[in-house]
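All heavy atoms count here, side chains included; hydrogens, waters and symmetry mates do not.
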Amino acid sequence: MNLKMQSYIETVCSFVKSQEVHCDIQSELENHIIESVDEYKASGFSEDEAFKKALALMGDPNILGKQLNQVHKPRIDWKTISLVTTLIGIGLANLYSMQRSLLLSEDAVFRQLLSVGLGIIVMISFMFFDYRKIMKYSMGLLLGTLGMMMLVFFREA
């Protein structure tokens, strides 16, 4: 790899906070630059001139790095959060209504609030988790989840 290209790519990646995508960004930029260099060399430019023109074509590495950082920032899905909050509110209101009409025990709403609180903490944790890290365990997780569901189903019956 050309030192100028390596320096350019390192500068771009230095602005991207998400370490997980650095390898992908590096590969993508390297491919674009090499393609441009090949085109310039085919047009009659020397290799050094071709690299200079290819890097100039890519633009300022600081600006590109900042733009890629914006693209790869974790985003909060406010629609999902508002939907979950609404459904939780409706469920808790129903539980409270049932408790007030003496269909449920005194501590049913409190237990549900604890479960909701734990669920919200888990949900927020998973919002910032990179799922690609557990992809190799996906079949085991699926089978484990299905097994637990079957245990609950048959235990209740």
Side-chain angles (χ1 to χ4, degrees), residues 1-95 109-153:
M1 183 186 313
N2 183 299
L3 289 177
K4 291 178 185 175
M5 180 171 69
Q6 185 176 357
S7 173
Y8 182 90
I9 292 172
E10 286 174 3
T11 302
V12 170
C13 286
S14 71
F15 286 94
V16 180
K17 293 178 183 158
S18 178
Q19 298 291 324
E20 292 86 14
V21 296
H22 279 202
C23 187
D24 294 336
I25 290 172
Q26 181 176 356
S27 173
E28 185 74 23
L29 290 176
E30 190 174 323
N31 288 336
H32 282 300
I33 293 170
I34 289 172
E35 285 177 9
S36 294
V37 166
D38 289 342
E39 288 176 14
Y40 283 121
K41 283 170 51 178
S43 299
F45 290 96
S46 70
E47 187 162 338
D48 193 43
E49 289 175 325
F51 267 105
K52 285 180 184 176
K53 286 193 162 290
L55 292 177
L57 181 66
M58 294 296 292
D60 182 10
N62 299 328
I63 293 172
L64 182 59
K66 289 174 185 173
Q67 290 171 340
L68 286 171
N69 184 49
Q70 287 296 319
V71 169
H72 293 287
K73 251 180 146 154
R75 291 187 187 96
I76 296 175
D77 187 1
W78 290 107
K79 288 180 186 177
T80 302
I81 290 176
S82 61
L83 179 63
V84 167
T85 304
T86 302
L87 291 174
I88 288 171
I90 291 169
L92 289 174
N94 285 333
L95 280 175
V109 175
F110 178 73
R111 286 185 312 188
Q112 193 65 31
L113 278 172
L114 286 176
S115 297
V116 165
L118 179 63
I120 288 173
I121 290 170
V122 169
M123 182 182 79
I124 290 171
S125 301
F126 276 117
M127 284 175 53
F128 298 105
F129 181 71
D130 184 11
Y131 294 97
R132 293 175 290 186
K133 293 180 181 178
I134 61 171
M135 192 178 338
K136 59 185 171 186
Y137 307 113
S138 61
M139 186 55 73
L141 290 170
L142 173 65
L143 294 174
T145 303
L146 289 173
M148 287 190 287
M149 287 173 55
M150 294 304 243
L151 284 173
V152 169
F153 177 73

Pairwise distance CG(Leu146) to CG(Leu141) - rounded to 0.5 angstrom: 11.0 Å
For Leu3, is there any backbone N or O sitting under 3.5 Å from a side-chain donor or acceptor partner on Ser7? no
Quick one: pull up CD in Gln26 and CG in Asn31 and give me the separation to the nearest 0.5 Å. 10.5 Å
Residue pairs fulfilling ring-ring contact (aromatic ring centres under 6.0 Å, His included) with at least one residue in residues 22-48, sequence neighbours excluded: Tyr40-Phe45
With rounding to the nearest 0.5 angstrom, report the CG to CG distance, Leu113 to Leu118. 12.5 Å
Residues at least two apart in sequence or cross-chain that pass side-chain hydrogen bond (donor to acceptor under 3.5 Å, both in side chains) with Ser27, listed by chain then number, are none
Counting C-beta onward and ignoring hydrogens, is there a side-chain heavy-atom pair between Met5 and Ile34 closer than 4.5 Å? yes
CD of Gln112 to CG of Leu92: how many Å apart, nearest 0.5 Å? 6.0 Å
Can you list the residues that meet the side-chain hydrogen bond (donor to acceptor under 3.5 Å, both in side chains) rule with Glu35, with sequence neighbours excluded? none
Partners of Gln67 by side chain to side chain contact (heavy atoms under 4.5 Å, CB included), sequence neighbours excluded? Ile63, Leu64
Residue pairs passing the side-chain hydrogen bond (donor to acceptor under 3.5 Å, both in side chains) test with at least one member in residues 42-60, sequence neighbours excluded, are Lys4-Asp48, Ser46-Glu49
I need the full list of salt bridge (Lys or Arg N to Asp or Glu O under 4.0 Å) pairs touching residues 142-151, with sequence neighbours left out, sorted by first then second residue. none
